[in-house]
Protein chains: 2
Amino acid sequence: MNIEIASRQLEALGNPTRLTLYRTLVRAGRGGLPVGHVQERLDMPASTLSHHLKRLVAAGLVRQERAGTSLICHAEYPAMDALLGFLTDECCADECCAEEGRNRGDA
Amino acid sequence: MNIEIASRQLEALGNPTRLTLYRTLVRAGRGGLPVGHVQERLDMPASTLSHHLKRLVAAGLVRQERAGTSLICHAEYPAMDALLGFLTDECCADECCAEEGRNRGDA
DNA sequence: AGGCTATTTCCATGAACATCGAAATAGCCT
DNA sequence: AGGCTATTTCGATGTTCATGGAAATAGCCT
């Protein structure tokens, strides 16, 4: 993980439509969801959805798997974990945070 | 926390310059860092830095405190925690994730 | 092959973003 | 007030993004 990848992933999530889309996939769990199903659920034009989905895939946050004419979309949980870890990673590293109220591990 | 706020915060972090800036503040810990200090450390024009900082403040991820002519910037840790929580929040909610490999609480 | 469904790519348009120099402001100190 | 430092706002420019209709592609099925 590095700044380039992390910022690209955060940017991908930093749009209401895409964040909603991503959360829909996160909620869907490991089974994933076909594109068409997502489209119905979120009620948006197919081309718009496809663009956003492409961004999420390019960022490595979503994986797609073909199943006949449908494409199943899955949230890439490990990627999300890595991203979350990166954000809290070196918290207070320049200060050596020793107080209990605010550490990176808990909460 | 809601989609609007979360996506705004993620968007704020979704830029390499701003993410670097934010991480610098996260590393700095509760003591914070004056704008000028950040500027020297990241070596960027003051106006550019100011714009990015404003975005982070507007997103609620950074707090600023005046100290004489300097402005001390702090990472808002609670906001980060809330955001991170939001991302993993309803993981698999539509599927009832019961397997051990992938839950929202751990890791 | 022909038809059908699912999804993507092409294209265009308006909006928002990133960057940074120059000028303006805020706050101290004498 | 005058001068000094720290930081922000203004203004301008080029870039990227968001959106969605229309056309193209992918993959099945008969």
Side-chain angles (χ1 to χ4, degrees), chain A residues 3-25 28 31-76, chain B residues 3-25 28 31-76:
Chain A
I3 290 279
E4 295 304 322
I5 293 177
S7 68
R8 189 178 174 88
Q9 293 183 333
L10 290 164
E11 182 191 37
L13 296 174
N15 168 281
T17 304
R18 259 186 328 259
L19 183 55
T20 302
L21 166 53
Y22 180 69
R23 274 170 65 81
T24 299
L25 295 180
L33 227 46
V35 175
H37 207 142
V38 175
Q39 187 196 344
E40 277 177 20
R41 193 171 297 195
L42 300 181
D43 189 32
M44 63 169 57
S47 66
T48 302
L49 174 58
S50 184
H51 281 306
H52 286 308
L53 224 25
K54 194 157 87 169
R55 283 283 285 276
L56 289 171
V57 170
L61 290 168
V62 166
R63 180 175 34 91
Q64 288 179 317
E65 236 170 15
R66 224 175 228 297
T69 57
S70 297
L71 262 184
I72 316 288
C73 307
H74 310 260
E76 280 275 32
Chain B
I3 291 278
E4 296 303 323
I5 293 177
S7 68
R8 190 177 172 90
Q9 293 183 334
L10 289 164
E11 181 190 37
L13 296 174
N15 168 281
T17 303
R18 263 191 319 265
L19 183 55
T20 302
L21 166 53
Y22 180 69
R23 275 171 62 82
T24 299
L25 295 180
L33 228 46
V35 175
H37 207 143
V38 175
Q39 188 196 344
E40 278 177 18
R41 194 173 295 195
L42 300 181
D43 189 30
M44 63 168 58
S47 65
T48 302
L49 174 59
S50 184
H51 280 304
H52 286 307
L53 224 25
K54 194 156 90 168
R55 284 283 285 276
L56 289 171
V57 170
L61 290 168
V62 166
R63 179 174 36 90
Q64 288 179 317
E65 237 171 12
R66 224 175 228 294
T69 57
S70 295
L71 262 184
I72 315 290
C73 307
H74 311 259
E76 280 275 33

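We find the CD-OG1 distance between A/Gln39 and A/Thr48 to be 9.5 Å, quoted to the nearest 0.5 Å.
To the nearest angstrom, P of C/dT8 lies 10 Å from CD of A/Gln39. Computed from coordinates, the B/Leu49 CG to C/dC17 C1' distance equals 17 Å when rounded to whole Å. Across the protein-nucleic acid pair, B/Leu13 atom CG and C/dC17 atom P stand 14 Å apart, rounded to whole Å. In this entry the distance linking CE of B/Met44 with P of C/dT19 reads 7 Å, nearest Å. One interatomic measurement links the two molecules: CZ of A/Arg18 to C1' of C/dA16, which rounds to 13 Å at whole-angstrom precision.
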Distance-only donor-acceptor hits, side chain of residues 50-74 of chain B, under 3.5 Å, sequence neighbours excluded:
unit_1: B/His52; atom_1: ND1; unit_2: B/Arg18; atom_2: NH1; d: 3.1
unit_1: B/Glu65; atom_1: OE1; unit_2: B/His74; atom_2: NE2; d: 3.1
unit_1: B/Arg66; atom_1: NH1; unit_2: B/Gly68; atom_2: O; d: 3.2
unit_1: B/Arg66; atom_1: NH1; unit_2: B/Thr69; atom_2: O; d: 3.4
unit_1: B/His74; atom_1: ND1; unit_2: B/Arg30; atom_2: O; d: 3.2

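Between B/Asn15 and C/dC17 there is no side-chain polar atom (N or O) within less than 4.0 angstrom of OP1 or OP2. Checking the phosphate oxygens (OP1, OP2) of C/dA18, no side-chain nitrogen or oxygen of B/Thr17 falls inside 4.0 Å.
For residues 35-47 of chain A, the pairs satisfying salt bridge (Lys or Arg N to Asp or Glu O under 4.0 Å) are A/Arg41-B/Asp94, with sequence neighbours left out.
Stem list for DNA chain D (at least 3 consecutive Watson-Crick or G-U pairs, distances under 3.5 Å): C:1-30 with D:1-30.
Within residues 61-70 of chain A, the residues that have a heavy atom under 4.0 Å from DNA chain D are, in order of number, A/Arg66, A/Gly68, A/Thr69.
For DNA chain D, the contact window with chain A, defined by any atom under 4.0 Å from a protein heavy atom, covers D/dC17 to D/dC28 in 5' to 3' order.
Residues satisfying the side-chain contact (heavy atoms from CB on, under 4.5 Å) criterion with B/Ile3, sequence neighbours excluded, are A/Pro16, A/Leu19, A/Thr20, A/Arg23, B/Phe86.
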Each nucleotide N or O in nucleotides 9-14 of chain C that has a protein N or O under 3.5 Å away: list the pair and distance.
unit_1: C/dC10; atom_1: N4; unit_2: A/His51; atom_2: NE2; d: 3.3

